[in-house]
Visitor: 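Just passing along the structure, written as structure tokens.
Order of the sequence lines fixes the chain letters, A, B, ..., with proteins taken first and strands second; residue numbering starts at 1 for each chain. Every heavy atom of this structure was used, including side-chain atoms; hydrogens, water molecules and symmetry mates were not. Not measured: the values here are computed from a predicted model.
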Number of protein chains: 2
Amino acid sequence: MNRPIPNRRSRARERSDALYRELRARISTLEYPPLTVLSENLLAAEFGVSRSPIRQVLNRLEADGLVETRHGAGTMVTDIDLAGLEQIYGFRMRLAELVGDLDPAPPGPTDLAAWRALKADIVALHDRPEPVAYARFNMQFHGLMLDRVGNPPLREAIDRLFFQTARVWLHNMPDIDWAEEVAIFGREVGMMVQTLELGDMHGVGLVYRNIIASSLYRLFVYRHAAPD
Amino acid sequence: MNRPIPNRRSRARERSDALYRELRARISTLEYPPLTVLSENLLAAEFGVSRSPIRQVLNRLEADGLVETRHGAGTMVTDIDLAGLEQIYGFRMRLAELVGDLDPAPPGPTDLAAWRALKADIVALHDRPEPVAYARFNMQFHGLMLDRVGNPPLREAIDRLFFQTARVWLHNMPDIDWAEEVAIFGREVGMMVQTLELGDMHGVGLVYRNIIASSLYRLFVYRHAAPD
DNA sequence: TTTCACCATGTTACATACAACTACGCATAA
DNA sequence: TTATGCGTAGTTGTATGTAACATGGTGAAA
């Protein structure tokens, strides 16, 4: 008789992870914009727990560079410095290239279906482009991309760095032409789907790199075009 | 008048970091071998603090993959699986190459002096090669190498992965010819010093990659030569 | 003998009380 | 007006008590 299986993943750990993802999402979608002050007491009250699990999650977020905590002062969402951003993007581009070389994971039928569905959703978004919806799809793209990374440490690094840059677009591009951005993103995802269908994993890495590169390029072009 | 500068790095944070480095060192030098059970109460008693800061540090170590905590069961040092190790090494090699390409930091006179001193120390070690001393020098090498990495995210990734593999040599190679290992390490560091003196940072990345590669190679050669 | 339920013990997760620390307002004096 | 010192409120860091959980042993029943 099998044991009742004590949930290989403990309940406590799942709740902690859910909290972590929730707060990370709030930061990434600018529900908590940079410099927002997060109170341990308020968060604890909102989620119906004590400060202990909140503090654990805030520690993880601080290790990710998403919040900064100072004794006696408070915990606030970190600001975005464009200088460091360029370095992160440069590194992300090189990591993207590695996806195709280091234990690439060719997609199965289910994966390809998910990719096609994502492309369809993005095309459908073209009618009424919303920034937050764009961000959501960008996060989905990231999730599907991670599944193609067979090398665990590489996957972890890519994931970590993605969330360090995920909120930049929403924050620094408040008034750009989101319709065009959505169109570009749709074409890029389409290119990725084609390359995946061919099973050309090396090409997948290059396409991924290109997506990141053009993202950085447009980020700085728009930035310099409209300096505040 | 300048403010008294309340130690930009708070006292609490420094103690926490010191604790983290201490436990990480104990794991890396096999003072805590894999599968060792760490008790929060014992650690708290040893360092004269309560369980809270200990738990915080153990969380960081778990994020690094160095310990594993299960509710109600305990916290133990993670085991080493050679399969995952090969993937980590593969990734580390690619990251090493990037050191020369992504914001390389050419060494100053002080840096070069430190490198030469390290080489001298390693050569001096040749008379009575001790495994733990070897590990110490390997850690020093890592520290000097980090100073040459100008790209912060890359530096962080290299640092994280180093400590995921630092203990492998001591653990899986209990009875190899350490004198020869020290000799090889000395030659490798010498090569690195030469390349640094030339200011050839691209070469530095390649030499670094080679050091990691040969390390992996010898690891598996010895492993297969003496299977238990 | 084997199997299974249960309990005792020790561990981590969580909650809560207290200490350390910061920032800000306000009074005060130059 | 401006600078300065201090007190107070509010925050994070730490200590400690309580709950949830896992593990091993014991003993009874099949």
Side-chain angles (χ1 to χ4, degrees), chain A residues 1-23 27 32 35-79, chain B residues 1-23 27 32 35-79:
Chain A
M1 188 68 68
N2 283 339
R3 216 174 292 176
I5 298 182
N7 281 345
R8 193 54 188 159
R9 229 170 182 67
S10 76
R11 209 140 27 220
R13 185 52 152 275
E14 283 184 11
R15 284 195 301 186
S16 179
D17 286 349
L19 251 174
Y20 170 72
R21 284 191 299 267
E22 172 64 22
L23 290 186
I27 294 174
Y32 294 152
L35 305 187
T36 301
V37 174
L38 303 180
S39 165
E40 295 180 357
N41 281 316
L42 287 182
L43 290 175
E46 174 183 349
F47 291 102
V49 296
S50 79
R51 282 178 51 211
S52 301
I54 297 292
R55 282 179 58 75
Q56 183 189 350
V57 168
L58 289 180
N59 278 330
R60 287 175 68 179
L61 290 172
E62 183 168 32
D64 293 340
L66 294 181
V67 304
E68 209 172 276
T69 295
R70 276 182 308 166
H71 185 188
T75 301
M76 68 171 56
V77 178
T78 53
D79 199 0
Chain B
M1 190 68 68
N2 283 339
R3 216 174 294 175
I5 298 184
N7 281 344
R8 192 55 188 160
R9 237 178 174 60
S10 75
R11 208 137 30 218
R13 186 50 152 276
E14 282 185 10
R15 284 195 300 186
S16 180
D17 286 350
L19 252 174
Y20 171 73
R21 284 191 299 267
E22 173 63 23
L23 290 187
I27 293 174
Y32 295 152
L35 305 187
T36 300
V37 173
L38 303 180
S39 165
E40 294 180 357
N41 279 315
L42 288 181
L43 289 174
E46 174 183 349
F47 291 103
V49 297
S50 78
R51 285 178 47 213
S52 301
I54 297 291
R55 283 178 57 75
Q56 183 189 352
V57 168
L58 289 181
N59 279 331
R60 286 175 68 180
L61 291 173
E62 184 169 31
D64 293 339
L66 294 181
V67 304
E68 208 173 277
T69 295
R70 277 182 306 165
H71 184 188
T75 301
M76 68 172 56
V77 178
T78 54
D79 200 0

Visitor: Does dC14(C) have its OP1 or OP2 closer than 4.0 Å to a side-chain nitrogen or oxygen of R55(A)?
Guide: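 No, outside the criterion.
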Visitor: To the nearest Å, how far apart are L58(B) CG and dC14(C) P?
Guide: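 That distance rounds to 15 Å.
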Visitor: Specify the angle, to 10°, made by the local axes at the two ends of the helix from dT1(C)-dA30(D) to dA30(C)-dT1(D) when five pairs are taken at each end.
Guide: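 Computed angle between terminal axes is 10°.
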Visitor: May I have the distance from R51(A) (atom CZ) to dC18(C) (atom C1'), rounded to whole angstrom?
Guide: 11 Å
Visitor: Once you round it to whole Å, what is the distance between P of dA13(C) and CD of Q56(B)?
Guide: 14 Å
Visitor: After noting the C-alpha distance and the side-chain angles of R55(A) and L58(A), does the key distance pass the side chain to side chain contact (heavy atoms under 4.5 Å, CB included) rule?
Guide: CA-CA 5 Å; R55(A) 282 179 58 75; L58(A) 289 180; 5.5 Å; no
Visitor: On a plain distance test, is the side chain of S52(A) in donor-acceptor contact with the base of dA15(C) below 3.5 Å?
Guide: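 Looking at the base of dA15(C), it does pair with a donor or acceptor on the side chain of S52(A) (distance under 3.5 Å).
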Visitor: Dump the intermediate steps for side chain to side chain contact (heavy atoms under 4.5 Å, CB included) on L43(A) and L23(A), then the final yes or no.
Guide: CA-CA 10 Å; L43(A) 290 175; L23(A) 290 186; 4.2 Å; yes
Visitor: Does H71(A) contact dA20(C) through a side-chain donor or acceptor facing the base, at a distance under 3.5 Å?
Guide: yes
Visitor: If each of P53(A) and G72(A) is mapped to the nucleotide of DNA chain C with the nearest heavy atom, which maps nearer the 5' terminus, i.e. the 5' end?
Guide: P53(A)
Visitor: Quick one: which of dA22(D), dG13(D), dA15(D) gets closest to the side chain of A12(B)?
Guide: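 Looking only at side-chain atoms, A12(B) lies closest to dG13(D).
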Visitor: Quick one: label V37(A) by what it contacts on the DNA or RNA (base, sugar-phosphate, nothing), any heavy atom closer than 4.0 Å.
Guide: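 No contact.
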Visitor: Does R15(B) have a side-chain nitrogen or oxygen under 4.0 Å from the phosphate oxygens OP1 or OP2 of dG13(D)?
Guide: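 No, because none of the side-chain N or O atoms of R15(B) sits under 4.0 Å from OP1 or OP2 of dG13(D).
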Visitor: From the list dT12(C), dA15(D), dT16(C), which nucleotide is the closest neighbour of the side chain of S50(A)?
Guide: dT16(C)
Visitor: Ignoring backbone atoms, establish whether T75(A) has a side-chain N or O less than 4.0 Å from OP1 or OP2 of dT12(D).
Guide: yes
Visitor: Heavy atoms within less than 4.0 Å of DNA chain C: which residues of residues 38-47 of chain B have one? Give them sorted by number.
Guide: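 Those residues whose heavy atoms fall under 4.0 Å from DNA chain C, taken from residues 38-47 of chain B in numerical order, are L38(B), E40(B).
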Visitor: Check the distance between dA23(C)'s P and M76(A)'s CE and give it to me in whole angstrom.
Guide: 9 Å
Visitor: Looking at T78(A) and L66(A), would you say the former's side chain and the latter's main chain have a donor-acceptor pair under 3.5 Å?
Guide: yes
Visitor: Nearest whole angstrom, please: distance from the P of dG13(D) to the CG of D17(B).
Guide: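 That distance rounds to 12 Å.
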Visitor: Please report the distance, rounded to the nearest Å, between CZ in R70(B) and P in dG10(C).
Guide: 18 Å
